[in-house]
Structure formats: C-alpha cells, structure tokens
Amino acid sequence: MSEQKQNGALPFAFLKGKIVPIEEANVSIMTNGLQYGNGIFGGIRGYLEKTKSSNNTQTKINIFRISDHYDRFLKSLRILNQTISYTKEQLVKITLELARRNKPTVDCYFRPFAYASHLGFSPDLLHAKFDFALYMVSMGEYLPVSAGLKLMISSWTRISDRSIPARAKICGAYVNSSLAKAEAVSSGFDDAMMLSEDGHISEGSAANFFMVRHGVLVTSPKHSDILEGVTRRSVLKIAKDLGIPTEEREIDRTESYIADEAFLCGTGVQVAWIKEIDGRKLGDGKIGPITEKLQKIFFSIVRGQSEKYHHWLTRID
Ligand code: PMP
C-alpha cells in the first residue's frame with residue numbers, strides 16, 4: 001500500500017487542472033510554497049449518511065457548508081493578494097467531481113489548498129504563481145468528542161494580525177499551531193489554547209473556543225487573532241435559534257478556569273467538550289447542559305437529520 005493510502009488518502013486527487021491518482025499528485029522540491037509556507041488551505045468534512053430501503057442500504061455523503069468554506073478560502077487568498085484561476089462555483093464543482101470519483105464509504109475530509117507553485121528561492125509574493133490542489137482522506141474523530149478534553153494554555157503566543165494574519169488560513173502560520181500542539185501533547189494534554197499578544201484567549205491549535213458563564217455562551221471575538229471558523233459561526237447561529245444568549249468578547253485566561261462549561265469547535269474537532277484547562281476542572285467535570293445540547297444538534301445537522309439546517313449540506317449520491 002502506498003504511503004499516501006496508509007495515511008488515509010482516498011485514491012484520487014486534483015492537481016494542475018486534473019484528477020490524478022494520489023500517488024502521482026506530487027510537486028518539485030523547489031516549489032516556492034514548500035520552502036516559505038506561501039499557501040493557504042481549507043478543511044471541509046463530508047459525513048456519511050446511510051439510508052435503508054427494503055432490500056439494500058444506500059450511502060450518501062453530506063458535505064458541510066462547502067460554499068462557506070470556499071468563501072473563506074478565497075478571502076485567505078485575497079489577504080495574500082493572490083488569485084487562482086477558479087471561481088468559488090468552479091471549486092465546489094471540482095470538489096464534488098473528486099468526491100464522486102473517490103466514492104468514500106466512510107466519513108471523509110477534503111483538503112483544498114492554493115500554493116505558490118513556481119520554483120524559486122525568494123520569499124517573493126509579488127511574482128508568485130498560485131495553483132490549486134485538492135485531496136481527500138478518510139476521517140473519524142480528530143480529537144475525542146465525548147471523553148472531555150484536557151487543555152493547556154500554551155507558552156506560545158498566537159500569531160498576531162500584525163505578523164501573520166490568523167483570519168487567513170495560511171500554511172506557514174500553522175508552525176505556530178504545531179509548536180503549541182507539540183508542547184501540549186508532550187506535557188500530557190490533549191491540545192493547546194493560545195493567548196493573543198494582549199493576553200486574551202485566542203483559540204486552540206486548530207479550533208475555536210467557547211465557554212458558558214451564567215447561561216451565556218461566550219466566544220473570543222474576531223479581533224483576538226482567531227481563524228473565523230465556519231463551525232464557530234454555525235454554533236453561534238444554532239445557539240441564537242435556541243434562544244441561548246451569546247457574546248463575542250475578550251476572555252481572560254483565568255476566566256476560562258472558572259467557566260461553567262467549555263468546548264472547542266472546528267471542522268476537524270467538531271464539537272468537543274473541555275474537562276480541564278491547566279489542570280483546573282471546569283464545572284462539575286462533566287459535559288454541561290448547553291454544550292451537550294449544541295453538540296447533539298450539531299451532529300444531527302451534519303448527519304442530515306435536521307430539516308431546519310439542511311441548506312448547510314451538499315449531498316452527493
Ligand atoms: N482555528 C484554527 C486555527 C483552525 O485551524 C480551525 C480549523 N479550520 C478552526 C479555528 C475552525 O475553523 P472551521 O470551523 O472553519 O473549521
């Protein structure tokens with residue numbers, strides 16, 4: 001089995017304008033994006049839905065908020081002042097085509113990226129040429145959603161809008177996440193949360209942070225150097241629809257210690273509740289009622305069981 005397939009890759013990828021076997025989806029070691037992290041990426045989940053008819057079981061894939069993901073993808077490129085030769089509609093079409101070709105039989109994850117594909121050893125965005133590529137992997141839980149996460153506040157500071165903008169999903173920026181994640185995992189935690197330069201809770205290494213205080217659902221604001229998560233936006237909308245009061249405001253490190261409930265959310269993470277931060281148990285150490293409700297609704301939506309939010313899904317037969 002190829003190394004790609006061992007890592008969960010589905011058989012086909014999209015590179016340089018066409019669908020090719022994953023083993024052939026390779027680039028030169030001189031690729032500019034590889035040297036300097038000059039690229040942006042996305043992450044989109046496809047959830048398997050099984051429907052039973054009298055004599056057989058059919059599977060469909062529901063892609064969660066594909067258009068919103070590509071919206072952010074193109075905005076990340078705009079922040080770098082780069083373009084690719086595809087519109088959002090074309091990107092969606094390519095993604096659906098690849099999904100049909102790969103025919104996933106398990107939950108999957110799409111990894112689109114746009115990278116400086118020219119060969120050159122200068123960190124020069126001005127003369128860069130960006131290409132689009134896409135591959136798919138099978139994906140279950142990225143972090144446990146029901147065990148309760150143990151998080152640490154990282155000693156690494158979140159990159160600021162004045163250095164590498166976190167609101168763009170920039171490849172090179174993820175070194176910041178990698179350092180924080182490695183520190184957390186090697187210290188016995190599940191993941192890290194980072195503080196912004198001004199000392200407020202920003203986000204996890206690959207997820208947004210939410211907490212509940214006195215019945216109010218609170219999340220760090222867009223100016224706390226977060227990636228503007230599609231899942232974050234979805235959770236805020238679901239909460240508002242349920243009549244749960246919400247606030248987007250700065251959160252101190254120690255305020256997170258005394259939260260009644262907390263969770264991380266993101267495409268990979270989904271909705272995963274937090275049991276401890278820096279060794280302080282949150283609430284009574286169990287999943288809280290608001291988190292539990294939001295988590296339950298989130299999973300029913302992505303599994304195609306919620307009529308109300310059906311417009312968030314793109315179904316592939
Ligand atoms: N923050 C960071 C740093 C991330 O990498 C992610 C995952 N894309 C998120 C937040 C969550 O964003 P989304 O819900 O759009 O996946």
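First listed ligand is number 1; within each ligand, the first listed atom is number 1.
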Under a heavy-atom criterion of less than 4.0 Å, does E228 contact ligand 1? no
Is the shortest side-chain N to carboxylate O distance from R167 to E228 below 4.0 Å? yes
R233 near ligand 1 by a heavy-atom separation under 4.0 Å: no
Considering only the protein, which heavy-atom contact is closest to atom 15 (O) of ligand 1, and what is its distance? R72 NH1, 2.6 Å
Within the structure, is a non-hydrogen atom of S177 found at a distance of less than 4.0 Å from ligand 1? no
Please determine if V230 has a nitrogen or oxygen closer than 3.5 Å to a nitrogen or oxygen of ligand 1. yes
Basic-acidic side-chain contact under 4.0 Å: R213, E255: yes
Going by atom types only, do E197 and T157 share a side-chain donor-acceptor pair under 3.5 Å? no
Near N208, which atoms of ligand 1 are under 4.0 Å from a heavy atom of that residue? 10 (C), 11 (C)
Judged by modelled atom types alone, do E248 and T219 share a side-chain donor-acceptor pair under 3.5 Å? no
Just go through Y174, F209, Y142 and tell me whose heavy atom is the nearest to atom 3 (C) of ligand 1. Y174
Within 45° of the ring axis of F12 and under 6.0 Å from its six-membered ring centre, is that where the NZ or CZ of R101 lies? yes
Quick one: which of G42, G43, A206, G266 has a heavy atom closest to atom 6 (C) of ligand 1? A206
Within a radius of less than 6.0 Å around NZ of K293, do more than 12 heavy atoms belonging to other residues, nucleotides or ligands occur? no
Within a distance under 4.0 Å of any heavy atom of G229, pick out the atoms of ligand 1 and give their elements. 12 (O), 13 (P), 14 (O), 15 (O)
Which residue and heavy atom of the protein sit nearest atom 1 (N) of ligand 1, plus the separation: E203 OE1, 2.6 Å
S234 to ligand 1, any heavy atom closer than 4.0 Å: no
Any cation-pi pair here, R280 with Y257, using under 6.0 Å and within 45°? yes
Should the pair R315-D317 be classified as a salt bridge under the 4.0 Å nitrogen-to-oxygen rule? no
Kindly say whether the aromatic ring centers of Y115 and F132 come within a distance under 6.0 Å. no
For Y309 and D241, does a side-chain donor sit closer than 3.5 Å to a side-chain acceptor? yes
Look only at interatomic distance and state if S205 has a nitrogen or oxygen under 3.5 Å from any nitrogen or oxygen of ligand 1. no
Just which atoms of ligand 1 are under 4.0 Å from any heavy atom in H69? 15 (O)
Decide whether the shortest distance between a heavy atom of R158 and an atom of ligand 1 is less than 4.0 Å. yes
Can you list the atoms of ligand 1 that are under 4.0 Å from a heavy atom of K169? 4 (C), 5 (O), 7 (C), 8 (N)
